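Contents: one structure, followed by commentary.
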Amino acid sequence: MDSTQASPRPAGSAAPTDTNTDSINTEVRYHPAELEARWQARWAAQPDLYAAEPATSSKPKYYVLEMLPYPSGQLHMGHVRNYAIGDALARYMWMQGYNVLHPMGWDAFGLPAENAALKNNTPPREWTLRNIAQMRVQMEQLGLSYDWATELTTCLPDYYRWNQWFFLRMYERGLAYRKQSKVNWCPDCRTVLANEQVINGYCWRHEDTLVEQRELEQWFLRTSQYAQELLDGLDKLDGWPERVRTMQRNWIGRSAGATVAFTVEGSDDTVKVFTTRIDTIFGATSLQLAPEHPLIRAFADQDAELAQRVAALLAEQSSAREAGDVGGGAAGGFGNDARGGFNDDARGGFNDDARGGFNDIDKHGVFTGHYAINPFNQERVPVWAANYVLLDYGTGAIMSVPAHDERDFEFATKYGLPIQQVVREPNAGETPAALPFVAEDGLLVDSGEWTGQGCEQAQRAMTLFAKQHGFGEATVTFRLKDWGVSRQRYWGTPIPMLYCAKDGIVPVPDEQLPVLLPEQVEITQEGGSPLARMPEFVNAVCPRCGGPARRETDTMDTFVDSSWYFYRYTSAKDATAPFDTAAVAYWFPIDQYIGGVEHAILHLIYSRFWTRVMRDLGMIKNDEPAARLFTQGMVIKNGAKMSKSKGNVVSPDEMIPRYGVDSARLYSLFAAPPDRDLDWQEDGVAGVSRFLSRVYRFVMRHAERVHDAPLADAVASAAAVPLLRKLHQTLRKITQDFGGRWHFNTSIAAIMELVNQLTAADAEIAAGAIPPATLARILQTLVLMLAPFAPHLSAELWERLGKTDSILRHPWPKFDEALAREDAIEIPVQVNGKLRSVIRVALDASRDDLEAAARADEKVQAALKGKTVVKVVIVPGKLVNFVVR
RNA sequence: GCGAAAGUGGCGAAAUUGGCAGACGCACCAGACUUAGGAUCUGGCGGGGCAACCCGUGGGGGUUCGAGUCCCCCCUUUCGCACCA
């Protein structure tokens, strides 16, 4: 920023004046670029301008946060919209007297930096830090009210060392563990992915890349331990969108039922099945096991032909998955989604109909030749391997009840397995329901001692019976699995673990943290983490025995970084702890969190988990990170999501020189309600810019008149009455919008209406029809109302009005209900529900007054002529309706 | 397939509880001021009709004095879930 701009020019010489002599054109004109640069320089000279007061402040606190971005290097209008919403709220809350925390940071680890390193031969750290510097300049140009003193960058050791610290704490408590298991492998990322990062079988970053399953040893965090609590907590999160809560409920996927052990005939082995319908167990006509089930393996080991058929089943399964890929290929590149927050990592556009087909693949199965015994009725049932049974859900085995389950019915029909009905419709005499009959309101038949019971009663009784006889128990199953956090990538937090030949897995001691990520590293296309090829990183000393140890070379999922970052903003420079617990106790939970809905499952479930872990470590008191969540809509252009591949990305760098920051921001709030998608139209930005220009010229025309005037609402002239009324109506609406619906588009429309009315009275005002004290009130209130939305223009005009205090902390004005009240209102008069006239009556006109006034109206009389009035509907303050024949 | 949200002028959108449909803005049209206008100002702007008036909120029914708003059926779009036993 040019230092010569650091002080304001004296009033009157601010903007270049036009050379012509026209009376309107000689007026000062709105030059946003010059005005905004000047104010930004002034603000930059006050580094603590947006600093929150410490946690000891007596003011009520307000923590407003926008999701931190991935530093791609370029802001787009999705970011601008996200930040404009948060910034308006922060500024409003400051003016309302709150102690506001409004920080910003960088989600700076991640794959794009490695890709860029390969492409440009630039080290990931350098590329990332350069992008951050560029984007910070862009943010400063947007005039956003961030306290940069609390800025955090997740790829720097003073941040990621705490990822490692938390990892060790979780390891100590058994919440971080290592296991060999089947994991999701993205061949394009060349790393493992968490379940949350696989969407319909595809990689979340590579929407055309089918995720493979690999058997690997990996680090996991025990999210499943908190599954029930994460689910229960959703009921209390009434400040979160229902949509997000539903998505999380689906993801957690709680299912209550029972496990029942079937004995394998001719052996001591049992097969445990999970069922939510133990009441239908008398109708079980086979067991279906996942093809990968250990028992199937055991059978196959002794039966070459079976082994071959199971292998064929598995092969078919994977080829069916790939068939689902056909036709999905046109979806188009990375979803550089236009919403703000973590963006460039997030992809959109998953729901092409062409994909997802493999979810509904044909059912295939193989009979193993073995049988199992139903413990309830001692019947033999055949044991099958079936492709529709999932290994990693429940026990990987089911009892198949074709009469009462659609999938089992389909399978049994195909393979000719018996179908045994054990539940009938509750009302006798009805024609029997078609099978499969899946409702749970029926009565049991042919079910031994439970025959005649209702389904729910039987479920309880049969579960208890199984428990008492030692072959079953009530079981709750969750879809939510543990979070696989190992990544075979370089640009992430090193997992602070060592492998010693003698002592096994050994955690890095706290005092050796951070385990620094080496900066000089060769990024290649080869598989595996480049860290594994660096002896100076890998070779370490075992802290237990002093012998040689090998360092873990996997890094952490970048979602670890964003799982707790908002806590550190409260004490971002703390070198001794992840955060100051007293500061967190004051600031948490976040009062308002704002970001895109694409993290409804990912970031927002991980951070809810992390919060609970920290609570159980005794570090914090809150159960949830954020009391309120707002998911803003995307910015689209020409009917499509902004994306590089479509070439319709709009950068603030092109908008700002043309229209100014205030215009770009105001447009992003004006063009649509913030929760809806916004169609970017440059003409619309121009329109908003014209509006700000009208405000500027109007205030500047009359500013001199109000210098030194005391403020007064007192109505001293007839001309002032309608203007003051409109002023207070507008103020009331905006105040209510901030506290309620957040429909800033209509807030801004209301200010436009006010300005239209004021400029229409321009000549009167110029002629002195409004006393200076009243005019001062009007102009100041107008400027204050614009302050959350157009901070640069407001600051300028505030000063031009002769105010010397900072508008940033000036108290938000209070509306006056009496002044806002209309003294007369227009009431529609209908005849048979059709509008016939509008009458003007006193606000408190009685029913009789209304009817008399309506009947006196000429148009109403014409409409009633020759008709019989059957009824008159009168709603005082609303309408009059004559019902006639 | 299941669930949710949405569908209003040429465009973005308003209409907080059933009560004047289309606020506000864009685009467009006409005019003023101009040597000039991507500036500014004034007026117009859902459709039909000279008019009185009629029609109009995805389509069809219904409730009501009165429906964009409530109920039923259907269509379309978006989002979520989708062998979870």
Side-chain angles (χ1 to χ4, degrees), chain A residues 18 20 22-25 27 29 200 241-244 246-247 249-251 253-255 257 273-277 280 288 348 350-351 356 358-363 386-390 392-401 404-408 410-411 477-479 597 600-601 658 667 670-673 675-688 690-691 693-694 697 733 736-737 740-741 743 745-753 755-756 759-760 762 826-838 862 870-875 877-884:
Chain A
D18 280 2
N20 70 47
D22 182 275
S23 67
I24 286 175
N25 286 347
E27 214 171 40
R29 282 169 64 173
N200 287 338
E242 192 51 51
R243 185 165 160 232
V244 172
T246 302
M247 286 166 72
R249 278 190 196 101
N250 286 339
W251 185 259
R254 182 182 193 273
S255 164
V273 302
F274 173 70
T275 178
T276 55
R277 293 297 305 276
T280 65
Q288 302 292 342
F350 284 104
N351 290 325
F358 69 84
N359 285 320
D360 215 14
I361 54 178
D362 286 343
K363 294 176 176 55
N387 67 343
Y388 73 101
V389 179
L390 308 173
D392 59 357
Y393 186 77
T395 60
I398 63 164
M399 60 177 201
S400 177
V401 184
H404 305 292
D405 182 281
E406 287 178 16
R407 298 151 301 185
D408 295 342
E410 185 188 332
F411 190 88
T477 303
F478 293 93
R479 286 185 59 199
V597 78
I601 303 288
R658 227 171 289 174
Y667 175 74
F670 174 68
D675 53 337
R676 291 243 293 260
D677 286 352
L678 183 158
D679 188 55
W680 191 269
Q681 295 183 2
E682 191 169 328
D683 285 338
V685 187
V688 165
R690 275 199 288 277
F691 162 68
S693 176
R694 272 206 307 284
R697 282 177 282 117
K733 169 162 175 50
Q736 289 170 350
D737 280 348
R741 295 198 309 163
H743 278 198
N745 54 330
T746 59
S747 307
I748 294 162
I751 301 177
M752 288 173 170
E753 283 186 58
V755 170
N756 288 346
T759 50
D762 201 44
E826 295 192 334
I827 297 286
V829 182
Q830 299 176 339
V831 176
N832 282 350
K834 292 198 184 293
L835 183 70
R836 284 295 174 262
S837 187
V838 176
V870 185
K871 185 180 175 187
V872 187
V873 179
I874 300 169
V875 184
K878 292 286 187 188
L879 67 14
V880 178
N881 186 15
F882 292 96
V883 184
V884 302

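Note on naming: letters A, B, ... go to the chains in the order of the sequence lines (proteins, then strands), and numbering restarts at 1 for each one. These numbers were taken from a predicted model, which means no experiment stands behind them.
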Out of B:C24, B:C41, B:G12, whichever nucleotide has its closest atom nearest the side chain of A:Arg697: B:C41
Pairwise P distance for B:C79 and B:A30, with rounding to whole Å: 42 Å
Euclidean distance, A:Glu753 CD relative to A:Thr746 OG1, rounded to 0.5 Å: 10.0 Å
Distance, rounded to the nearest Å, where A:Asn832 contributes CG and B:G66 contributes C1': 10 Å
Sugar-phosphate, base or nothing in reach of A:Phe670, heavy atoms under 4.0 Å: base
Counter-base of B:A4, judged by Watson-Crick or G-U geometry with both distances under 3.5 Å: B:U78
Touch class at under 4.0 angstrom, heavy-atom based, for A:Val883 against every strand present: sugar-phosphate
Base-pairing assignment for B:C53 (Watson-Crick or G-U wobble, both under 3.5 Å): B:G48
Sugar-phosphate, base or nothing in reach of A:Asn756, heavy atoms under 4.0 Å: sugar-phosphate
Separation of the P atoms in B:U57 and B:U69, to the nearest angstrom: 9 Å
From B:A85, B:C20, B:A14, nucleotide with atom closest to A:Tyr393 side chain: B:A85
Touch class at under 4.0 angstrom, heavy-atom based, for A:Thr275 against every strand present: sugar-phosphate
Cation-pi geometry met for A:Lys363 and A:Phe411 (6.0 Å, 45°): no
Strand partner of B:C26, provided both Watson-Crick or wobble distances fall under 3.5 Å: B:G10
Under 4.0 angstrom between A:Thr246 side-chain N/O and B:C81 OP1 or OP2: no
Phosphate OP1/OP2 of B:A5: any A:Arg676 side-chain N/O under 4.0 Å: no
Nucleotide of B:A23, B:U16, B:G12 approaching A:Arg741 most closely (side-chain heavy atoms): B:U16
Nearest-neighbour nucleotide for the A:Arg690 side chain, B:C24, B:C26, B:G19 considered: B:C26
Separation of atom NZ in A:Lys878 from atom P in B:G19, rounded to whole Å: 7 Å
Gap between atoms CG and C1', on A:Asp737 and B:C24 respectively (whole Å): 13 Å
Smallest separation among heavy atoms of A:Trp251 and A:Arg479, with atom names: O-CB, 3.5 Å
Strand partner of B:U40, provided both Watson-Crick or wobble distances fall under 3.5 Å: B:A32
Euclidean distance, atom NZ of residue A:Lys834 to atom P of B:G56 [Å, nearest integer]: 8 Å
Comparing A:Arg694 and A:Tyr667 on RNA chain B - which has the more 5′ nearest nucleotide: A:Tyr667
Shortest side-chain distance from A:Ala671, nucleotide among B:A13, B:A15, B:G12: B:G12
C1' atoms of B:C29 and B:U77, separation to the nearest Å: 34 Å
Main-chain N/O of A:Gly833 paired to A:Asn881 side chain as donor or acceptor, under 3.5 Å: yes
A:Asp362-A:Tyr388 side chain donor-acceptor pair, cut-off 3.5 Å: no
Spacing of the P atoms in B:G9 and B:G58 (rounded, Å): 8 Å
P-based separation of B:G37 from B:G56 [nearest Å]: 44 Å
Rounded C1' spacing from B:G60 to B:G22 in Å: 25 Å
From B:A13, B:A15, B:A85, nucleotide with atom closest to A:Ala672 side chain: B:A13
Contact under 4.0 Å: A:Arg243 side-chain N or O vs B:C81 OP1/OP2: no
Sugar-phosphate, base or nothing in reach of A:Arg249, heavy atoms under 4.0 Å: nothing
Salt bridge (Lys or Arg N to Asp or Glu O under 4.0 Å) evaluation trace for A:Arg249 with A:Glu242: CA-CA 10 Å; A:Arg249 278 190 196 101; A:Glu242 192 51 51; 3.3 Å; yes
RNA chain B: 5'-proximal contact among A:Asn881 and A:Phe478 (nearest heavy atom): A:Asn881
Value in whole Å for how far the C1' atom of B:A15 lies from NE2 of A:His743: 12 Å
B:A15 to B:G7 separation - P atoms, rounded to the nearest Å: 12 Å
For B:G66, the Watson-Crick or wobble partner whose two distances fall under 3.5 Å: none
Residue A:Asp679, side-chain atoms from C-beta onward, closest of B:G25, B:G12, B:A85: B:G12
For B:G61, glycosidic torsion class - syn if within 90° of 0, otherwise anti: anti
Donor-acceptor pair between A:Asp679 and A:Gln681 side chains, under 3.5 angstrom: yes
Check against side-chain contact (heavy atoms from CB on, under 4.5 Å), A:Phe670 and A:Leu678: CA-CA 9 Å; A:Phe670 174 68; A:Leu678 183 158; over 6 Å; no
Sugar-phosphate, base or nothing in reach of A:Asn250, heavy atoms under 4.0 Å: sugar-phosphate
Any A:Asn745 side-chain N or O less than 4.0 Å from OP1/OP2 of B:G25: no
Separation of B:C81 P from A:Arg479 CZ (nearest whole Å): 8 Å
Sugar-phosphate, base or nothing in reach of A:Gln288, heavy atoms under 4.0 Å: nothing
Sugar-phosphate only, base, or nothing, as touched by A:Glu753 at under 4.0 Å among non-hydrogen atoms: sugar-phosphate
P spacing across the pair B:C71 / B:A23, given as an integer number of angstrom: 28 Å
Side chain of A:Gln681 (C-beta onward), nearest among B:G25, B:C26, B:C11: B:C11
Nearest-angstrom distance from the residue atom CD of A:Glu682 to C1' of B:G25: 16 Å
Touch class at under 4.0 angstrom, heavy-atom based, for A:Gly687 against every strand present: sugar-phosphate
Separation of atom CD1 in A:Ile751 from atom P in B:G25, rounded to whole Å: 13 Å
Any residue meeting side-chain contact (heavy atoms from CB on, under 4.5 Å) with A:Thr275, in chain and number order, not counting sequence neighbours: A:Arg277, A:Ile278, A:Met399
